[in-house]
Undergrad: 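What follows is a single structure, and I will ask about it in a moment.
So you know, we letter chains A, B, ... as the sequences are listed, proteins then strands, and number each from 1. All values below come from the heavy atoms of this structure, side chains included, with hydrogens, waters and symmetry mates left out.
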Amino acid sequence: MEIPKTYDPKEAETRHYARWEAQGYFAPEINRDPAAPVYTIVIPPPNVTGSLHMGHALQHTIMDVLTRYRRMRGYRTLWLPGSDHAGISTQIQVEKQLKKEGLSRHDLGREEFTARVWRWKEQYGGEITKQMRREGASVDWSRERFTMDEGLTRAVREFFVRCYEAGLIYHGEGLISWCPKDQTALSDLEVEKEAQAGKLYYLQYPVKGSDRRVTVATTRPETMLGDTAVAVNPHDERYSDLLGATLELPLTGREIPIVADEFVDPEFGTGAVKVTPAHDPNDYAMGLRHKLPQVKVIDQHARMTADAGAEFAGLDRYAAREKVVQRFAELDLLEKVVDYEFSITKCGRCRTVIEPLISTQWFLKQAELGRAALDLITERHEPRFVPEVPYAKVYTSWLENLHDWTLSRQLWWGHRIPAWYDEAGKVYVARTEADAQAQAGTNKLTQDPDVLDTWFSSALWPISTLGWPDETEDLKIFYPTSVLVTGRDIIFLWVSRMMMTGLKFAGQKAFADVFITGTVFDKHGQRMSKSKGNGVDPLDVFDKYGVDATRLVLAQIEGTDTRWNNNLVESYRNFANKIWNAARFCLMNSEDATVGRGFEGEPASWALHDRWIMSRLHKTARTVAGALESYRFHEAVQTLYHFFWDDFCDWYIELSKSDVTAAEPAPARAAARSRVLTVLEQALRLLHPFMPFITEELWQRLPGVGAAQLHPAYAHAEPTIMLAAYPQPDAALIDERAEAEVQALIELISRVRNIRSEMNIKPGETVPVLVSVPDETLRAVFESGAQQIARLVRASEVSVQPNSNGPRAAARAVLAGGAEVAVPLEGLIDFAVERERLRKEQEKLEKEAEKLAAQLANENFVARAPAEKVTELRQRQADIAQRTGAERQNHPARELDHPGLSEPQPRGRRPAQEEKPATREI
RNA sequence: GCCCGCUUAGCUCAGUUGGUAGAGCGCACGCCUCACACGCGUGAUGUCGAAGGUUCGAGUCCUUCAGCGGGCACCA
């Protein structure tokens, strides 16, 4: 076989994905079983502007593992890909491009501009879509969707119109968050709070007809130009005589009232609050309560309006702030300025400070839509969040406090709001312009210029991608989806809204489970970000270590926040290489052998190590299945890693080696070779969801693989490990006795290796090994394993006897079950070292024995602990007693030969021995 | 202000019904042993953040505290 010693991932990666895709393996149609259960995942659609980052790679890996696992188990599996038009991001991206040409979108006009965005999208968009192929993502490309596809656009309009007709969507005035840079309204969820060191200004307003002044504290002095009242708490005695009084608002010549409102906290500041209904959310609400006028003094560019007064009109808000403060100082109305830390609201995208403005927008009453979702989680605990803590609660408390959603955006790129106005300004909401005209009885209509929040179309993703509002086959088959895999940052923005819309318009929850992945930080625990430049590019990691190794790391991150560490990837790269070389060994010895053979007949007739590996294999399959069913990817990865490396490579291959590498062809050799191949093939299948490329690469090379390995649902397909049946645990093959016996074999071998290593016996040197085993069954195990033992410890001979009979001068170790192993000295052993080795071992046992004795002497423990636990400890105690007892027998010999070799632990009290009878009582 | 998470070996992290702590990397020693030096064998390493409590027994449950991180509300 001309297989290279080192696995080259790229070579395999480039080949297999193209074939899988071309063969249609990713599409659910590959499954021909009409009764197959269904498994659906819709991808969180990445922005068309985006490129792959670790967060995507993490989510995609989780989704792909789940999908491949279910597919191999015969589910009709759909993982639906797509991308999001990402309103603002994309528009900004293209505007930047235009700027380089000295143009703005207004130079092009709306139509031309959106055409340009579409071209940009075709040319540069969907980068992630290509990168996902690199990841091995088994998504059904034939069902790929884009949030501005024709179908999805229709869904968005339908949804909007239905909500409008149901009174859930309304058009009206409200105080919204406005980004002066992006020139659009934003929803609550698109803004971020940030702590900021600033100043608190204490301004004095004179009371009309008095020489009193009322002091108000503010962080935004410039807004005082728009004040229409000062509010105090109705129970605040300091101001009770001023209620209803009038204040002379400085710099404006306006007069404003003092009103009483419970909102005001008497403890804060001066207990008197300036009220600016047009530029602050709380003041807006207060303004409505007291029917105060709204004076707009700041415009959409965050500049002062004419209503701010001639002196300030046109000034930037910060320049106006300085000027206002300066003027107050001049008028001797500035009481003081103190340092103050407060939080400031910024645009989540461009970090510009938000300006709250009164404006006419479209809103969705989320509270009503949310009720069904809230009932579902509180009454039926659906969807099931993983990890449940803290996300189920985060989701629930969000649903309990829903506010209206500002839907409209003053952008050109996105779903245009299906609303038209006649010349009188009356609004008509309709599915098409023709409908609107019919409603209005005129064709002189103008469409609302605004588009919808990007998240509006996202909210429909699970249903719109499957064909809603039509009652398509896909919708019937694949909805509701099985699990949503996403990050915690969009639980409100997206997860909750999909649930609401799914319940409202498809009559069912959008997904059964929600898996929230952890966050990947850099190695210093910092969030990865483009601006910091500390991001690790998944593609670089793929290039360096291979996709499969990277996927293992990502899968085992699962829901935990993790610092990225290439060392871990490296160790999984090594694992991939280990798999490669184990397969290489099997293939180098595959003449006459076939996958699937070698385990004929009753398991009872198989050799011990064969029964053992099958037991280990099926336990592994059991654990992995259990782990994958409940999203415990870390456990699945660990289990597979140790099964493959420890059980299969370190022990099974080694124990099988002499049979497998026998020089002469013979049925026994062929059978041994087939067995090794068979186990390898099963292991590859178990690993495939995690490591799709290397497993396919190797699987294709195995002799005898083909249709027989495929899950029945895919029997017609060209053979691929992707469609092989996932190994199902068979309880009948789990053999605890075989496991215990091989464990004894492993212990023996390890003890001898330890002696060799500690005694500095040269690796090339062979030594005789004498094993004494009083127990008959165990003796049989060692006797029949003598050849394997000899090979693995480099023994010249392995002699197994009922009783200790070796030469006095030997290094000894005591094994479980009262057995003992001795390696005769014959001048090989350094006595000082041997003495030390034994002393350490003895010490360990003494310590443990003491602990056990103490515990077993505790009446409370014996009385209250479960009986099995007590028995287990007594067993262990007896075991130690046997060991130390055996040690004691050997000591005199050593002392004779080498005075001082052992140092006598007090031999009188071996608590274990006294406890022995107790064992029998149970 | 309210709620939540994390704190385990030098590093990154596991540890699901409470039973006496693990992995990978790193480290030490010896090996190119006919699949693999991206390897093999052997070994060392933790008062499981602190203090109390419940329990026969607590990394695992309860309380308090500390450090770090997150969410929500408020922020005149």
Undergrad: Calculate the interatomic distance between A:D283 atom CG and B:C75 atom C1'; express it in whole Å.
TA: 12 Å
Undergrad: Rounded to the nearest angstrom, tell me the gap between atom CZ in A:F585 and atom C1' in B:C34.
TA: 10 Å
Undergrad: Could you check whether any side-chain heavy atom of A:F633 comes within less than 4.5 Å of a side-chain heavy atom of A:Q556, counting everything from C-beta outward?
TA: no
Undergrad: The criterion is side-chain hydrogen bond (donor to acceptor under 3.5 Å, both in side chains); which residues satisfy it with A:S630, sequence neighbours excluded?
TA: A:R632
Undergrad: Who are the side-chain hydrogen bond (donor to acceptor under 3.5 Å, both in side chains) partners of A:R622, not counting sequence neighbours?
TA: none
Undergrad: If you measure from the C1' atom in B:G18 to the same atom in B:C61, how many Å do you get, rounded?
TA: 8 Å
Undergrad: Using the test side chain to side chain contact (heavy atoms under 4.5 Å, CB included), find all partners of A:A582 that sit at least two apart in sequence or belong to another chain.
TA: A:F644, A:F648, A:C649, A:I653
Undergrad: Using a cut-off of less than 4.0 Å, is there contact between a side-chain N or O of A:K657 and OP1 or OP2 of B:C34?
TA: no
Undergrad: Describe the nucleic acid contact of A:Y572 in one word from base, sugar-phosphate, nothing, applying a heavy-atom distance below 4.0 Å.
TA: nothing
Undergrad: Contact class for A:T270 (heavy atom, under 4.0 Å): base, sugar-phosphate, or nothing?
TA: nothing
Undergrad: Rounded to the Å, how far apart are A:Y652 OH and B:A35 C1'?
TA: 16 Å
Undergrad: Nearest to the side chain of A:K5 - B:G24, B:C74, B:C36?
TA: B:C36
Undergrad: So what does A:C649 touch, heavy atoms closer than 4.0 Å: a base, only the sugar-phosphate, or nothing?
TA: base
Undergrad: Between B:G30 and B:G67, how far apart are the P atoms? Round to whole Å, please.
TA: 47 Å
Undergrad: Rounded to the nearest Å, what distance is computed from the NZ atom of residue A:K544 to the P atom of nucleotide B:C38?
TA: 14 Å
Undergrad: Say you pick atom P in B:A14 and the same atom in B:C6; how far apart are they, in whole Å?
TA: 10 Å
Undergrad: Could you check how far CZ of A:F575 sits from P of B:C25, rounded to whole Å?
TA: 12 Å
Undergrad: Tell me whether the side-chain N or O atoms of A:R573 pair up with the base of B:C38 as donor and acceptor below 3.5 Å, since no angle test is needed here.
TA: yes
Undergrad: Can you check the A:L680 CG to B:C36 P distance for me, whole Å?
TA: 16 Å
Undergrad: A:L792 has an atom CG; how far is it from atom P of B:C31, in whole Å?
TA: 20 Å
Undergrad: Base, sugar-phosphate or nothing for A:N282? Non-hydrogen atoms, less than 4.0 Å.
TA: sugar-phosphate
Undergrad: Picking from B:G24, B:C36, B:C75, which would you name as closest to the side chain of A:E654?
TA: B:C36
Undergrad: Anything below 3.5 Å on both distances counts as a pair; with that, list the stems of at least three consecutive Watson-Crick or G-U pairs involving RNA chain B.
TA: B:1-7 with B:66-72, B:10-13 with B:22-25, B:27-31 with B:39-43, B:49-53 with B:61-65
Undergrad: In residues 385-402 of chain A, which ones come under 4.0 Å of RNA chain B, going by heavy atoms?
TA: A:V389, A:P390, A:K393
Undergrad: Rounded to whole Å, please give me the gap between CZ in A:R673 and C1' in B:A35.
TA: 13 Å
Undergrad: Does the side chain of A:K578 get closer than 4.0 angstrom to OP1 or OP2 of B:C40 through an N or O atom?
TA: yes
Undergrad: Distance check, C1' atoms only: B:G5 and B:C74, in whole angstrom units.
TA: 23 Å
Undergrad: Under a 3.5 Å threshold, yes or no: a donor from one side chain and an acceptor from the other, between A:R488 and A:T519?
TA: yes
Undergrad: Could you measure between the two C1' atoms, the one in B:U55 and the one in B:G49, and give it in whole Å?
TA: 23 Å
Undergrad: Considering only nitrogen or oxygen atoms on both sides, find all protein atoms under 3.5 Å from nucleotides 12-15 of chain B and state each distance.
TA:
| from | atom 1 | to | atom 2 | distance (Å) |
| --- | --- | --- | --- | --- |
| B:C13 | OP1 | A:R563 | N | 2.8 |
| B:A14 | OP1 | A:T560 | OG1 | 2.9 |
| B:A14 | O2' | A:H634 | ND1 | 2.9 |

Undergrad: P atom, B:C62 versus B:G26: distance in rounded Å?
TA: 38 Å
Undergrad: For B:U47 and B:A37, measure between their C1' atoms and round to the nearest Å.
TA: 39 Å
Undergrad: I'd like to check the side chain to side chain contact (heavy atoms under 4.5 Å, CB included) partners of A:H642; sequence neighbours left out, ordered by chain and number.
TA: A:Q638, A:D646
Undergrad: Run the side-chain hydrogen bond (donor to acceptor under 3.5 Å, both in side chains) test against A:D339 and tell me which residues pass, sequence neighbours left out.
TA: A:K199
Undergrad: Taking only residues two or more places apart in sequence or in another chain, which ones pass side-chain hydrogen bond (donor to acceptor under 3.5 Å, both in side chains) with A:R527?
TA: none
Undergrad: Under 30°, 30 to 60°, or over 60°: which ring-plane class applies to A:Y340 and A:F342, parallel, tilted or perpendicular?
TA: parallel
Undergrad: Between A:N581 and A:R584, does any side-chain donor sit less than 3.5 Å from a side-chain acceptor?
TA: yes
Undergrad: Shorter than 3.5 Å, N or O on both sides, protein versus nucleotides 42-44 of chain B: list them out with atom names.
TA:
| from | atom 1 | to | atom 2 | distance (Å) |
| --- | --- | --- | --- | --- |
| B:U42 | O3' | A:N754 | ND2 | 3.3 |
| B:U42 | O2' | A:S757 | OG | 3.4 |
| B:G43 | OP1 | A:N754 | ND2 | 3.2 |

Undergrad: Expressed as a whole number of Å, how far does the P atom of B:A21 sit from that of B:G46?
TA: 12 Å
Undergrad: With a 4.0 Å cut-off on heavy atoms, is A:R756 in touch with a base, just the backbone sugar-phosphate, or nothing at all?
TA: nothing
Undergrad: Over all heavy atoms of both residues, which pair between A:A12 and A:Y7 is shortest? Give the atoms and the distance, please.
TA: CB-OH, 3.9 Å
Undergrad: State, with a plain yes or no, whether a side-chain heavy atom of A:H290 is found less than 4.5 Å away from one of A:D261.
TA: yes
Undergrad: For A:E747 and A:S750, test the side chains for any donor-to-acceptor distance below 3.5 angstrom and give the result as yes or no.
TA: no
Undergrad: Under a 4.5 Å cut-off applied to non-hydrogen side-chain atoms, are A:V541 and A:R573 in contact?
TA: no
Undergrad: The criterion is ring pair (Phe, Tyr, Trp, His ring centres under 6.0 Å); which residues satisfy it with A:F643, sequence neighbours excluded?
TA: none
Undergrad: Pick the closest RNA chain B nucleotide for A:W645 and for A:L200 by heavy atoms, then say which residue is nearer the 5' end.
TA: A:W645
Undergrad: Report which part of the nucleic acid A:T6 touches: base, sugar-phosphate, or nothing (heavy-atom distance under 4.0 Å, all strands).
TA: base
Undergrad: With sequence neighbours left out, write down each residue that passes ring pair (Phe, Tyr, Trp, His ring centres under 6.0 Å) with A:F585, or none if nothing qualifies.
TA: none
Undergrad: With a 4.0 Å limit, can you tell me whether A:N567 has a side-chain N or O closer than that to the phosphate oxygens OP1/OP2 of B:G24?
TA: no
Undergrad: Side chains of A:T639 and A:K619: is there a donor and an acceptor less than 3.5 Å apart?
TA: no
Undergrad: Please compare A:F263 and A:L189 by the position of their nearest nucleotide in RNA chain B and report the one closer to 5'.
TA: A:L189
